[in-house]
Amino acid sequence: MSLRDLLLLVLFAGTLSACGGGESVADASAGDSSSDDTDDTDDTDDSDDSDLTEETVIEALGNGTGADFEEGAIASSEDYVLVGGSVTLTIDGVDQNDSNSSLTSDSYYYTFTSDCSLGLFSIASSYTSTGSVSSTYRNKGCSGGDTITATLYSDASSSTELATATVFVSTDYPSLGTDSGISFTEGQLEGDLEISDEDSTDLSVNIVNPLSSNALVTDDSYIIEWYSDCADGEFSVSRETNSDGTFSTSYNADYTTCPGDNNLTLLLFGDTDTECSLTDTDSCYVVMTSVVTVEQGVEPKLGVLDDDEFYTELLVNGIRESEYGDDPTSENVSDELKLSAGGTMLITANIVDDNDDDNLATGTTYGVSLESSCVEDGTATLDSDEKTTTTGTVTFTYTANGCLEDAFSANLYSVESGELATQLNDDEVTGIIFIQSAEVGAITFTSVSEPYISLKNIGDAVLPKQSTVTFTVVDKQGEVVEGQEVSFELTNTTGGITLGSGEVTDSDVTDSSGQVTAIINSGTSHAVTSVRATTETSDGTSISTTSQAISITTGIADQDSFDIAVDIFNPGAYATNGTEVSVTVYAADQYQNPVADGTVVNFTAESGTIESYCETSFGTCSVTWYSSGVRPGKHEASLDRVNEIDPQGRVYDSFIEDSDCVSTVCGMTTINAYTVGESSYTDTNGNGTFDVLDDTGAEPYVSYPEAFRDDNWNEALDTNSDGQVVEAFFDFDTDGAYDEAPTVFQGLVCSDSAINADTAGESHCDSLMHVRDSIRIVQSYAEAPIMRFYTYDDATSKYTEISTVTLSSSGEFYVLLQDLNGNIPANGTTLSVDGTGYNIYGSSGDVGNSVGELYTGEDNGLPSYGVLYNVSFEVDDEPESIEVTATYGSSETSVIFLTP
């Protein structure tokens, strides 16, 4: 109990004695509620005692207020504090007689003290009306722990303590070293502590808190300074304020001024401790030392160690360049010093240390690059043109491949990240090699640029008139031979075929790849030739080979070798857009050889959409036709378009409801293809050209008018009543008029006799022509067809349509399928005939791929177009019916015949 409490208690007891006399304090406080003798004076005294108790203040000092009050405790933001660091302390004064409520009187005086004299407070003493005081404790040099005491006085002049509270905080100096946590090593630097010459090293050190498991300290109140005992040693950062727990710098020292051990000192102090220095370290928090050793570096040189003697040369195939003597050449170097033709050898270089008596420079990675004139032009190979080494020796593997003399140059490099970086030598290190000539072992045919060339008097835009043939000469090891002479000879010269020299023989020498070429010029007639190449081996033996055959041809289409085809003749396209038909052309020249690849063929169509052209490959190419637009037979009358007319006037097709399609064949579509070419002739004398012979006249030929698209298939170009052409024609000579066939041969392969022949103002081979071909497809309805039934009379050879079929024990009838326009049904239509109690014979199945022509020029009772099936039947067991079904896609038409 405090002195103040004791005095209050005595005063309180005296008051009770004066008023009531003789009662104890306990009795006065509690009263005697069970006594019947309690008088008014006792009641008054009890009331006075209660008022006095409520006004009494019992002071206490601690942490918190109310139920959370912890007496005698000081709240601390951390339970430890490093030298140079700080913590926040908070103390609360309360009245224990008022449920630990805060002391709000501003007369109370609070003080903070510590056992360590180097512990400082931002607020050492203070009055407060809030009952709470906070102060910052800063550790200016306390280690080993410190006890902090807070004391409460009635005022600043009082020396009587009303209450106290304490807290113990751990204290220590920070530590410097590498890593942190359990990996922390005190007193060490991170970085390379050995450098050479004028190199630098990156150094770093961490500041950690030993009171917090060596965690990195991020408080910015710490400063580090770096010092070296070598005056010429330099730090990139000599002073740094802490931010993330790591101090970094780069140390640079020159071997000439700072050789050997350089002693480094690190001073750590607080941002207010300016007294810390090399001469006064007492004020420093941490003094750390380390050593960086500066050594003399390697001075690398490139060359070769030969018999322990260093030469600034390369060792090539065991020989240094200076060993050949002055001005060595292939002629004055003996064969035993040369590399064999196609041989392999080693090129060696060493890196030595000029600072170490030219001993091998080991332990450091260097790079060497090697250049070769023959490797650059492809007549030799290296296993690599760049290599690295840590042993001071590098070796390259070299293989000759047609080269006869080679020069080498090498350079030395530093290496960074595995790549050659900075060149370290000023002058290249060189070497040479001489190689023996190869012994010819074989000559082989390699390639031909054009297997087909055109006749020389043809202006063919696609086929060339020359072809290049290539041969290769190799030695006995299979390596190419450079500079070898090869002679050429044509195997066939028909029509004046020549070599590039204009003669039938020629010669040339092989290049660095062992290859030699001969050019073939075409002649004036169709022929096949090849080139025979000959060379001599080292012992004078002739060896030869022959090229692939080369064909001399026109390369342009002729009329009787040009054809058009389609994959579907009766597509389901009449009322359906986008139905496709593949259209293919085949084109060959006078000799039935495919026209030149890339020959352009044009296309047109009477209706729909068709790709405008294709380019041939091996004599053929294809385009696609698509159904679209106005169908043939449905064009406006004012256009005067023509289309096929039904040869029988539709007398057998009365079911057709479309009046436009009663006489014309609606949907019949002409497709035309054409390209530039020549007409056809017969080569009666076999010389490959068209001739006019003195004794028999011109060789047989055909001439042609300009091409047109025959939309009504009548083999004539139609005109309207005004004489205007109403079918598309292709104006070959662009004179704006349709030209009939000339009286001369339209082509290019003419002899002088044909060109100079008297032909009444026209000349053979004056021009070419459009070779052409046309084909018809019919656009049929894409739906189930009309089904009609017929009988046939052998006596009259005519068919008669019937409305029904009378079934008996056996019989025969015919089924005719047509679309709504009276044409053949669309491709994909199928007829099936099934009998119940009948055996069925005859035809059925898919509609054929055709335009469906039934009329042959004589009236046989059938319409002009459609597809006809024969059906025979006979009774089997109990006859019931025959079912005839025509199907297209998901739609079908069925007829059932019952027995009588």
Side-chain angles (χ1 to χ4, degrees), residues 316-317 329-331 333 335 338-347 369-386 396-409 431-451 453 464 466-491 499-501 505-521 529-550:
V316 180
N317 201 28
T329 64
S330 184
E331 288 74 18
V333 171
D335 284 347
K338 294 180 179 179
L339 178 67
S340 63
T344 298
M345 66 168 185
L346 298 180
I347 302 172
S369 69
L370 183 65
E371 293 184 355
S372 154
S373 55
C374 289
V375 170
E376 288 181 2
D377 63 25
T379 57
T381 58
L382 283 170
D383 60 340
S384 176
D385 60 359
E386 293 181 357
F396 297 86
T397 301
Y398 174 93
T399 302
N401 188 22
C403 185
L404 298 177
E405 180 178 339
D406 205 351
F408 307 98
S409 59
I432 60 173
I433 188 66
F434 299 96
I435 305 159
Q436 296 176 2
S437 299
E439 294 186 28
V440 175
I443 182 170
T444 59
F445 164 69
T446 303
S447 65
V448 59
S449 64
E450 307 293 341
I453 58 178
Q466 289 183 330
S467 181
T468 300
V469 182
T470 303
F471 299 90
T472 302
V473 178
V474 296
D475 62 19
K476 291 183 178 180
Q477 287 75 41
E479 302 296 334
V480 298
V481 178
E482 181 181 4
Q484 181 71 18
E485 184 174 1
V486 178
S487 61
F488 308 111
E489 182 180 8
L490 288 169
T491 59
L499 291 168
S501 62
T505 60
D506 203 353
S507 65
D508 202 350
V509 295
T510 56
D511 59 17
S512 60
S513 61
Q515 293 187 342
V516 63
T517 58
I519 296 176
I520 298 177
N521 298 317
T529 190
S530 60
V531 177
R532 183 176 179 82
T534 303
T535 190
E536 288 188 359
T537 63
S538 301
D539 60 6
T541 302
S542 293
I543 54 176
S544 301
T545 189
T546 302
S547 74
Q548 170 188 327
I550 298 97

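Proximity of Thr472 to Thr444: side-chain heavy atoms (C-beta onward) are separated by under 4.5 Å at one or more points. Between Thr535 and Ile543 the shortest side-chain heavy-atom distance falls below 4.5 Å. Contact of the Val480 side chain with the Thr510 side chain is not registered, since no non-hydrogen atoms from C-beta on lie closer than 4.5 Å. The shortest distance between side-chain heavy atoms of Leu499 and Val531 falls below 4.5 Å. The side-chain heavy atoms of Val440 and Glu536, taken from C-beta on, include no pair separated by under 4.5 Å. Between Asn521 and Gln466, the closest side-chain pair of non-hydrogen atoms falls below 4.5 Å.
Glu405 is linked by a side-chain hydrogen bond (donor to acceptor under 3.5 Å, both in side chains) to nothing, counting only residues two or more places apart in sequence or in another chain. The side chain to side chain contact (heavy atoms under 4.5 Å, CB included) search around Asp475 returns Ala341, Ala438, Gln477, Glu479, Val481, not counting sequence neighbours. By the side-chain hydrogen bond (donor to acceptor under 3.5 Å, both in side chains) test, Ser384 pairs with no residue at all, sequence neighbours left out. Taking the side chain to side chain contact (heavy atoms under 4.5 Å, CB included) definition, one finds that Glu482 meets it with Thr379, Ser512, sequence neighbours left out. Shown here are the side chain to side chain contact (heavy atoms under 4.5 Å, CB included) partners of Ser487, two or more places apart in sequence or in another chain: Ser507, Thr534. Evaluation of the side chain to side chain contact (heavy atoms under 4.5 Å, CB included) rule for Ser372 yields Cys374, Val375, Tyr398, Asp406, Phe408 as partners, not counting sequence neighbours. Applying the side-chain hydrogen bond (donor to acceptor under 3.5 Å, both in side chains) criterion to Thr344, with sequence neighbours excluded, gives Thr399. Asp383 is linked by a salt bridge (charged side-chain N to carboxylate O under 4.0 Å, His left out) to Lys387, counting only residues two or more places apart in sequence or in another chain. In this structure Ser340 satisfies the side-chain hydrogen bond (donor to acceptor under 3.5 Å, both in side chains) test with no other residue, sequence neighbours excluded.
Summarising the geometry, atom CE belonging to Met345 is positioned 6.5 Å from atom CD1 belonging to Ile435; distances are rounded to the nearest 0.5 Å. The CD1 atom of Ile433 lies 5.5 Å from the CG atom of Leu339; values are rounded to the nearest 0.5 Å. The line from CD of Glu371 to CD of Glu386 is 9.5 Å long, rounded to the nearest 0.5 Å. Considering CZ of Phe445 and OG1 of Thr470, their distance stands at 8.0 Å, rounded to 0.5 Å. In this structure, Asp385 CG and Leu370 CG are separated by 8.0 Å, a value rounded to the nearest 0.5 Å. From Ile432, atom CD1 reaches atom OG of Ser409 across 13.0 Å, with rounding to the nearest 0.5 Å.
Smallest separation of non-hydrogen atoms from Glu485 and Val509: CA-CG1, 3.8 Å. Annotation for Ala549 and Ser530: closest pair CA-CB, 4.3 Å, computed over non-hydrogen atoms. Nearest heavy-atom pair, Ser330 versus Lys338, reported as atom, atom and distance to 0.1 Å: O-NZ, 2.9 Å.
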(request) Start with the C-alpha distance between Ile453 and Ile550, add both sets of side-chain angles, then the distance that settles side-chain contact (heavy atoms from CB on, under 4.5 Å), and finish with yes or no. (result) CA-CA 7 Å; Ile453 58 178; Ile550 298 97; 4.2 Å; yes
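Tested against Phe471 for a side-chain contact (heavy atoms from CB on, under 4.5 Å), the candidates Asp508, Ile443, Val486 yield a single pass: Ile443.
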